[in-house]
Amino acid sequence: MGVTVDVHQVYKYPFEQVVASFLRKYPNPMDKNVISVKIVEEKIDESTGIIYRKRIAICQNVIPEILRKVSILKVPSIQLEEESWLNPQGRNMAIRSHCLTWTQYASMKEESVFRESMENPNWTEFIQRGRISITGAGFLNCILETFAGTFLRQGAQKGIRIMEMLLKEQCGAPLAE
């Protein structure tokens with residue numbers, strides 16, 4: 001079955017400021033679930049100027065205690081891999097992330113884009129689609145997918161609030177129309 005979550009947000013800040021804030025977003029006291037983020041690969045394509053980064057995030061296991069009675073779910077942390085392609089000339093950045101933990105039972109993937117807003121070139125549009133599907137947990141599949149969907153929606157909204165706060169702290173008030 002699976003659960004899909006779509007997010008769309010316009011940040012009233014220039015692309016360069018939004019991307020810089022995104023890359024510094026975690027770890028952050030506003031979201032204690034993200035323990036660390038480490039760049040494991042970074043390279044620039046000399047012909048296109050596109051900057052490729054691969055980062056690994058370590059996050060606390062947020063699955064409710066009641067569900068951690070199932071031994072496979074009883075892990076202290078979860079690893080996520082994020083790959084991004086930043087095109088400074090094109091003023092866009094594509095991001096793909098997926099969970100490295102529980103891959104035999106669950107698939108969690110997100111695809112995101114930051115790009116210059118068509119509404120105002122000084123604003124930045126953020127579009128994200130996340131999908132979680134759980135298999136191999138029998139009758140728990142549906143319960144875990146429901147929890148995961150709720151967590152994904154809340155996490156996306158929290159991420160937007162953190163970005164807004166960081167942008168305001170680092171860049172001042174949002175740009176007017």
Side-chain angles (χ1 to χ4, degrees), residues 1-11 13 18-40 53-86 92-115 124-170:
M1 192 171 114
V3 176
T4 301
V5 175
D6 291 314
V7 176
H8 182 261
Q9 175 73 17
V10 174
Y11 295 104
Y13 294 88
V18 172
V19 167
S21 289
F22 172 79
L23 292 171
R24 290 190 304 260
K25 184 164 99 173
Y26 296 115
N28 183 305
M30 284 183 68
D31 189 348
K32 296 190 186 327
N33 292 329
V34 181
I35 299 164
S36 68
V37 177
K38 180 180 174 187
I39 296 173
V40 293
R53 280 185 192 88
K54 184 187 289 187
R55 306 192 301 175
I56 302 290
I58 307 293
C59 304
Q60 288 183 0
N61 183 351
V62 295
I63 292 180
E65 264 323 301
I66 188 95
L67 296 175
R68 287 196 218 177
K69 304 253 185 259
V70 178
S71 63
I72 189 72
L73 301 177
K74 200 175 195 167
V75 296
S77 61
I78 299 164
Q79 284 194 348
L80 302 172
E81 180 182 84
E82 172 194 273
E83 293 179 283
S84 64
W85 295 264
L86 170 60
N92 67 63
M93 183 166 78
I95 305 157
R96 276 198 325 237
S97 57
H98 65 275
C99 187
L100 298 173
T101 309
W102 302 313
T103 54
Q104 68 272 40
Y105 301 102
S107 168
M108 190 289 291
K109 296 180 181 183
E110 285 181 345
E111 292 187 4
S112 310
V113 173
F114 285 101
R115 64 183 181 204
T124 305
E125 191 173 10
F126 173 65
I127 301 162
Q128 182 177 68
R129 169 164 274 188
R131 178 153 179 78
I132 295 178
S133 92
I134 312 241
T135 57
F139 72 94
L140 287 178
N141 284 3
C142 192
I143 294 168
L144 290 169
E145 281 181 353
T146 301
F147 168 76
T150 300
F151 183 76
L152 202 57
R153 275 187 277 289
Q154 289 173 347
Q157 292 309 311
K158 184 189 278 187
I160 288 169
R161 285 193 307 275
I162 291 170
M163 282 291 293
E164 291 282 3
M165 182 205 70
L166 290 174
L167 286 162
K168 197 169 190 178
E169 277 178 7
Q170 296 164 7

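For this chain, numbers begin at 1 and follow the sequence in order.
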Atom CD in Glu111, atom OG in Ser97: separation rounded to 0.5 Å? 9.0 Å

Once side chain to side chain donor-acceptor pair (under 3.5 Å) is applied, do any residues pair with Thr101, and if so which ones, sequence neighbours excluded? none

List in chain and number order the residues that pass side chain to side chain contact (heavy atoms under 4.5 Å, CB included) with Ser36, two or more places apart in sequence or in another chain; answer none if no residue qualifies. Ile58

Side chain to side chain contact (heavy atoms under 4.5 Å, CB included) involving Leu152 - partner list, sequence neighbours excluded: Val5, Glu110, Ile132

Got a second to check how far Met30's CE is from Ile162's CD1, nearest 0.5 Å? 5.0 Å

Distance col, row Ile160:CD1 vs Gln128:CD, nearest 0.5 angstrom, shows 7.5 Å

Which residues satisfy the side chain to side chain donor-acceptor pair (under 3.5 Å) test with Asn28, sequence neighbours excluded? none

Could you walk me through whether Gln157 and Arg153 pass side-chain contact (heavy atoms from CB on, under 4.5 Å), step by step? CA-CA 6 Å; Gln157 292 309 311; Arg153 275 187 277 289; 5.9 Å; no

For the CH2 atom of Trp85 and the CZ atom of Arg96, what is their distance to the nearest 0.5 Å? 3.5 Å

Validation: residues 76-84 side-chain donor-acceptor distances under 3.5 Å, sequence neighbours left out:
from, atom 1, to, atom 2, distance (Å)
Glu81, OE1, His98, NE2, 3.4
Glu82, OE2, Arg55, NE, 2.7
Glu82, OE2, Arg55, NH2, 3.0
Glu83, OE2, Tyr52, OH, 2.5

Here the pair of heavy atoms bringing Ile35 nearest to Cys59 is CD1-C, 4.0 Å

Going by ring-ring contact (aromatic ring centres under 6.0 Å, His included), name the residues that satisfy it together with Phe126, two or more places apart in sequence or in a different chain. Phe114

Sub-3.5 Å donor-acceptor pair from the side chain of Ser21 to the main-chain atoms of Met163, do we have one? no

Side-chain contact, heavy-atom cut-off 4.5 Å: Phe22 with Leu166? no

Partners meeting side chain to side chain donor-acceptor pair (under 3.5 Å) with Arg129 (sequence neighbours left out): Asp6

With sequence neighbours left out, write down each residue that passes side chain to side chain donor-acceptor pair (under 3.5 Å) with Thr4, or none if nothing qualifies. Arg131

Where do Gln104 and Thr135 come nearest, in terms of heavy atoms and distance? O-OG1, 4.1 Å

Just verifying a value: how many Å separate Gln170 CD and Met165 CE, rounded to the nearest 0.5 Å? 8.0 Å

In short, salt bridge (charged side-chain N to carboxylate O under 4.0 Å, His left out) pairs touching residues 20-38 with sequence neighbours left out are Asp31-Lys158

Nearest 0.5 Å, what's the CD1-CZ distance between Ile134 and Phe147? 9.5 Å

Side-chain contact, heavy-atom cut-off 4.5 Å: Val18 with Leu167? yes

